[in-house]
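Structure first, then comments.
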2 protein chains.
Amino acid sequence: MASPTGRARSVRARDARWRGALAVLDEMRRRPGVTRADVARRLALSTGSATEITARLRELALLSETPAAATGRGRPTTVLHPHPRGPVVIAVDLRQEDWRCAVAEIDGRPRVSEEGRHGSRHPAKVVAAVGEAVRRVHDRFGGRVRAVAVAVAATVRHGAVVQSATLGWDAVDLTGLAPAPGLPLLVGNDATLAGAAEARYGAAAGAGTALHVTIEVGVGGTLVVDGLPIEGATGAGGEFGHLPLGDPALRCPCGALGCWDLAVDGRAIARHLGEPPPRDPRSYAQAALARAEGDAAVRSAVGRTASGFGRGIAGLINALDPGIVTLGGFAEPLRAAAAEEFAAALTDGLMRFRRADPPPVVAATLGDDGALHGAAAIALDRVLTEEGLDAWAADHTG
Amino acid sequence: MASPTGRARSVRARDARWRGALAVLDEMRRRPGVTRADVARRLALSTGSATEITARLRELALLSETPAAATGRGRPTTVLHPHPRGPVVIAVDLRQEDWRCAVAEIDGRPRVSEEGRHGSRHPAKVVAAVGEAVRRVHDRFGGRVRAVAVAVAATVRHGAVVQSATLGWDAVDLTGLAPAPGLPLLVGNDATLAGAAEARYGAAAGAGTALHVTIEVGVGGTLVVDGLPIEGATGAGGEFGHLPLGDPALRCPCGALGCWDLAVDGRAIARHLGEPPPRDPRSYAQAALARAEGDAAVRSAVGRTASGFGRGIAGLINALDPGIVTLGGFAEPLRAAAAEEFAAALTDGLMRFRRADPPPVVAATLGDDGALHGAAAIALDRVLTEEGLDAWAADHTG
DNA sequence: CCATTAAACTCGTCTCACGAGCATAAAGGA
DNA sequence: TCCTTTATGCTCGTGAGACGAGTTTAATGG
């Protein structure tokens, strides 16, 4: 379907130059290990076009081909791989206590290259350490690096960190992470990127509309449509934790009243137990699940929390109508620890007509790697465009 | 940006056949009265291409050209219009008490052709009456009709009406509205389509991400990204009224607890006044605004309702990050009647970092015509595609 | 009435994909 | 072992769509 209010697309032949090539590269990304014959079939390409396109891409070091294992009669085809001197992106995941820096070829699988812990609350130090790592990777891969994407446990607007309860940061400038001028630096919220990764490679693969929800400190998540997170006007979409689904009497550190955040993470469990707010809601929540084994009061507190979580999920399903819901971080253990309470609240919160075939609510499958995969994905999205390939081709000819 | 999880796009030349033509037609839709020279500039088309494309489209009765008023020196250009024998779509708006049937040419402006009231609660009768009207229009326009779209005040899933509190309907089969076999019949929720129209032609024109919220019986609305409503997996997205933002003790007719629906429409005002639930919350709410003039109790009840509405809007802004919020139906009069309460609740409910530059909350500008415009828009979206133009061209050559 | 200006028209060229026909590399049967 | 079958890759002529340089046209304004 056309996008009649989108920016005026240019129609020039220049923009058709990479049509077939991009389709092939996308297919390669989506199905690692795909054969050339398969790609041609899927894209309804003639064998002539397939020959021409793969030859061009091989020439430009955008892919390489190796003989495929024979599957029967007929001339054997080839498997398409990223080229050993092809473009790469750097993906960074900046979490509460540590960070990881990975490299991904155009198949989108990040391979962790460096990692480190940061006890420090000083953003400048963390940024400096991560920046060093990025620069080392950039030195190693040189011109092959075409973009850098950072997943950060923070609210991100217009590509900049605005605040982070998890990290204890206010606005932080991450532009120092760019290892070279002119290299695109993309910054995204970690839960948003994890959701994108789940929708592309994980539990929600294939779903047109997927909802990802994660609990760490508060709630994060995103609605993903056709592999792209609904980012909102400033990039801060998916802050479901700040819907007033919680206790209207409680003031959230974000400034609003009744945020769902306060009703589902470790702070909620502590409140139900009459204990003081935990310094680190994440580890407190994990510990509570262990304590619940032998302690009925803790079990009950966990159950009430799971119930509040299920009720909110039901509301989000009502409002957004996802085809599947994936749970990340503490969300899945919480649901598992009080499965009945969660399920009851979920069903009770659904509109009646949705109860016959509600969307599956499943555990995220990429675990801790989701955000890293998502960062690699958005970085590659940037590289695998007409403009990106134009730039790459300009560097790789003549 | 590519859509890496979307269906495998075909790459064949066949799909490039209409590239330029579609871009020109889209431009024509977006800016009624544009000149050919303007379109060429905007799309970065060479004058040669513009000549070629417009000639082809004229030949196919997809557009016509008339001399433009001279604006200065130079050879005068032409204004692009829908062709008098070009394709049209039928747009239907099926509301609580009446219906309208309109015809739109490819500029997307629906012109009402027939209308009627339906006191009847019997869906079959209503569908029959509307179907007759559609058939009459179809008879008049013949093969020019390429699609029919129906905006209906009901929950729609997979293109079918599931239920409607407003109309008092359960599942209703609207396929009888199709005036001819093979003609696409698109069915959409009225608030969703009104939101799409606001984002394309109305108050939210130009916004990448827009939130439309309307109050009739309960709350309807949609998030619109680049002109396309986020429809969800089954097409029932945008049911924000069934987020549990209301009183958790109240059971909604939908089956869930605490729905926002109950906190913002006429039922909420009645409850605050200690009056019994109104039979028709819409007219009750309108009447309440009039009563509020001279009655402090009513004013207070309206204020509390506006406050609950503002709080919910704030939550939706937090969660979805729209660039603008448009208010339709009773939402705007409610906000206007208790502007201070609404604004205070809105601000108080926003995350702190959003308060500096919150998205504008404005009245929808298309009024009662929004849904009709939206229906025409999605019908045209269907017609103005490669496949749609292929079909049209097949009927108009040789 | 002619210079100026902006736009339309003409036409040769380019690029990309198609598709028919041919070449190639395997499996399987005689 | 050789030939047939099968699936695929390669070659090359064709066609569509857009470009862009050069030319023509229709207006304004001095």
Side-chain angles (χ1 to χ4, degrees), chain A residues 8-25 27 34-60 62-80 386 389-390 393 397, chain B residues 8-25 27 34-60 62-80 386 389-390 393 397:
Chain A
R9 306 164 294 178
S10 175
V11 184
R12 316 182 79 181
R14 158 152 66 264
D15 297 336
R17 196 155 67 207
W18 296 103
R19 263 170 80 77
L22 274 175
V24 170
L25 292 175
E27 204 62 23
V34 77
T35 64
R36 170 160 149 190
D38 236 17
V39 168
R41 258 191 306 271
R42 266 182 223 282
L43 299 177
L45 277 173
S46 66
T47 63
S49 303
T51 299
E52 192 182 358
I53 291 172
T54 52
R56 201 162 94 234
L57 292 177
R58 234 179 306 121
E59 193 71 25
L60 286 167
L62 283 163
L63 60 74
S64 63
E65 293 181 80
T66 56
T71 57
R73 287 190 180 190
R75 179 172 178 171
T77 181
T78 60
V79 177
L80 306 184
E386 311 278 351
L389 293 188
D390 271 343
T397 43
Chain B
R9 305 166 292 179
S10 177
V11 183
R12 316 183 79 183
R14 159 149 67 262
D15 297 337
R17 195 154 67 210
W18 297 103
R19 265 171 77 78
L22 275 174
V24 170
L25 292 175
E27 203 63 23
V34 275
T35 63
R36 171 160 150 190
D38 234 16
V39 169
R41 258 191 305 271
R42 266 182 223 282
L43 299 177
L45 278 174
S46 67
T47 62
S49 302
T51 299
E52 192 181 356
I53 291 172
T54 51
R56 202 162 92 234
L57 292 176
R58 232 178 307 121
E59 193 70 25
L60 285 167
L62 284 163
L63 60 74
S64 63
E65 294 179 81
T66 55
T71 58
R73 288 192 178 188
R75 179 173 177 170
T77 182
T78 60
V79 176
L80 306 185
E386 312 277 352
L389 293 189
D390 271 342
T397 44

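Chain A is the first sequence line, chain B the second, and so forth, proteins listed ahead of strands; every chain is numbered from 1.
- When distances are taken from the side chain of B/Arg75 to each of C/dA6, C/dA17, C/dA23, the shortest belongs to C/dA6.
- Among residues two or more places apart in sequence or in another chain, the salt bridge (Lys or Arg N to Asp or Glu O under 4.0 Å) test is passed with A/Glu52 by none.
- If you take OG1 on B/Thr77 and CG on B/Asp38, they are separated by 8.0 Å, rounding to the nearest 0.5 Å.
- For the pair B/Ile53 CD1 and D/dA16 C1', the computed distance is 12 Å after rounding to whole Å.
- Under the salt bridge (Lys or Arg N to Asp or Glu O under 4.0 Å) criterion, A/Arg73 pairs with no residue at all, not counting sequence neighbours.
- Each end of the helix from C/dC1-D/dG30 to C/dA30-D/dT1 gets its own rotation axis from five pairs of C1' atoms, and the angle between them is 10° to the nearest 10 degrees.
- Taking every side-chain heavy atom of A/Thr51 into account, D/dG9 is the closest of C/dC16, C/dA8, D/dG9.
- Mapping B/Thr54 and A/Ser46 onto DNA chain C by nearest heavy atom places B/Thr54 at the nucleotide closer to the 5' end.
- Put simply, CD on A/Glu52 is 9 Å from P on C/dC18, counting in whole angstrom units.
- Partners of A/Thr78 under the side chain to side chain contact (heavy atoms under 4.5 Å, CB included) rule, at least two apart in sequence or in another chain, are A/Arg36, A/Glu65, A/Leu80.
- As a whole-Å value, the separation of A/Asp390 CG from C/dT15 P is 13 Å.
- Rounding to the nearest 0.5 Å gives a distance of 5.0 Å between CD of A/Glu27 and CG of A/Leu43.
- Residue B/Arg17 has its side chain nearest to D/dA16 when only C/dA17, D/dT8, D/dA16 are considered.
- Between the side chain of B/Thr47 and the base of C/dC9, a donor-acceptor pair under 3.5 Å is found.
- Regarding A/Leu57, its CG atom lies at a distance of 13 Å from the C1' atom of C/dC16, rounded to whole Å.
- A close approach under 4.0 Å does not occur between any side-chain nitrogen or oxygen of B/Arg19 and OP1 or OP2 of D/dA16.
- Looking at heavy-atom distances under 4.0 Å, A/Ser49 makes contact with a base.
- Distance A/Glu59 CD to D/dC10 P: 13 Å, rounded to the nearest Å.
- Checking C/dA8, D/dA18, D/dC10 against the side-chain heavy atoms of B/Arg36 singles out C/dA8 as nearest.
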Which atom pairs link the protein and nucleotides 27-30 of chain C when you take only N or O atoms and keep those under 3.5 Å?
| unit_1 | atom_1 | unit_2 | atom_2 | d |
| --- | --- | --- | --- | --- |
| C/dG28 | O4' | A/Arg73 | NH2 | 3.0 |

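- Distance OG1/A/Thr35 to CZ/A/Arg42: 8.5 Å, rounded to 0.5 Å.
- With sequence neighbours left out, A/Ser49 forms a side-chain hydrogen bond (donor to acceptor under 3.5 Å, both in side chains) with A/Ser46.
- Rounding to whole angstrom units, CG of residue A/Leu43 and C1' of C/dC16 are separated by 15 Å.
- Atoms CH2 and CG, on A/Trp18 and A/Leu25 in that order, are 8.5 Å from each other to the nearest 0.5 Å.
- A straight line from CD of B/Glu386 to P of D/dG17 spans 10 Å, rounded to a whole angstrom.
- The CZ-C1' distance, from B/Arg58 to C/dC9, rounds to 11 Å in whole Å.
- Between A/Leu389 and A/Leu60, every side-chain heavy-atom pair lies at or beyond the 4.5 Å cut-off.
- Taking the side chain of B/Pro76 as heavy atoms from C-beta on, and the options C/dA17, D/dA16, D/dA27, the nearest nucleotide is D/dA27.
- The shortest distance between the side-chain N/O atoms of A/Thr77 and the OP1/OP2 oxygens of D/dG9 is below 4.0 Å.
- Taken from CG in B/Leu22 to CG in B/Leu62, the straight-line distance is 9.5 Å, to the nearest 0.5 Å.
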